[in-house]
Amino acid sequence: MAGPFNFETLQVFAASTLAGFCRLTVPDGSELVAQRDAAAVVADGSLAYLTHIKVRDAPEPAGSRTEFYIHAYGPAGPELARRFALCVRTWDRDVRASGYPSMSVHPAGTPDDHLPPGDVLEKPASRLVLGWPGRGARVTGPDAPSETVAVGRRT
């Protein structure tokens, strides 16, 4: 991937748009995974997690290159990997250059029609709405957020 790399914005994007998003952490010295702390997605008894390595360093961020790898396990692993890769590509193409999203906070229970467009994160006392540039369509189908993570897309 070309251009400035900010893994934190990718993780926030994945957390707010990818159903089943979580963090995978392992103790020091573990040989179970390629990276100690990784963005991951789980569903149907399966796991996919994202790692990255810098393949070219440069004085200017635009000259650096990073490669991503998705490791997937379980019967739904290939589908989770596909969804995760689509999320990374969308972030790279539509979001990466824009930085962080706009965010508004609304009381829990605020009706959907009173929220601005964006990805909705349900919290016990509030509803956070993240407005990512380039995300104008509601997420549906296998990429739609699940009820267990209480993430939704409003247009």
TODO: Could you please spell out the steps behind the side-chain contact (heavy atoms from CB on, under 4.5 Å) verdict for T9 and V95?
DONE: CA-CA 9 Å; T9 61; V95 176; 5.9 Å; no
- [ ] Carefully, step by step, assess D112 and R127 under the rule side-chain contact (heavy atoms from CB on, under 4.5 Å).
- [x] CA-CA 10 Å; D112 285 350; R127 300 184 82 190; 2.8 Å; yes
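Across every non-hydrogen atom of L47 and A40, the tightest pair is CD1-CB, 3.8 Å. The heavy-atom pair separating A43 from A76 by the smallest distance is O-CB, 4.1 Å. Shown here for V41 and A19, the closest heavy-atom pair between the two residues is CG2-O, 2.9 Å. Contact detail for F84 and A14: the closest heavy-atom pair is CE2-CB, 4.5 Å.
Side chains of S16 and W132: a donor on one and an acceptor on the other come within 3.5 Å.
The side chain to side chain contact (heavy atoms under 4.5 Å, CB included) check on A81 picks up I70, A72, with sequence neighbours excluded. S104 pairs by the side chain to side chain donor-acceptor pair (under 3.5 Å) definition with H106, not counting sequence neighbours. A search for side chain to side chain donor-acceptor pair (under 3.5 Å) contacts involving S46 returns nothing, not counting sequence neighbours. Contacts of R93 classified as salt bridge (charged side-chain N to carboxylate O under 4.0 Å, His left out), with partners at least two apart in sequence or in another chain: none. Residues forming a side chain to side chain contact (heavy atoms under 4.5 Å, CB included) with S126 (at least two apart in sequence, or on another chain): V105, K123, L128.
Atom CG in D94 sits 7.5 Å away from atom CZ in F13 (nearest 0.5 Å). To the nearest 0.5 angstrom, D44 atom CG is 7.5 Å from L80 atom CG. Between the CZ atom of F68 and the OG1 atom of T51 there is a distance of 9.5 Å, given to the nearest 0.5 Å.
Using a 4.5 Å cut-off between side-chain heavy atoms of Ile, Leu, Val, Met, Phe, Trp and Tyr, with links allowed through other members, V88 and Y69 fall into different hydrophobic clusters.
Within the 4.5 Å cutoff, the side chain of W91 has no heavy atoms near those of the T17 side chain.
Aromatic ring pairs are classed by plane angle as parallel below 30°, tilted from 30° to 60° and perpendicular above 60°; the pair H71 and Y49 is parallel.
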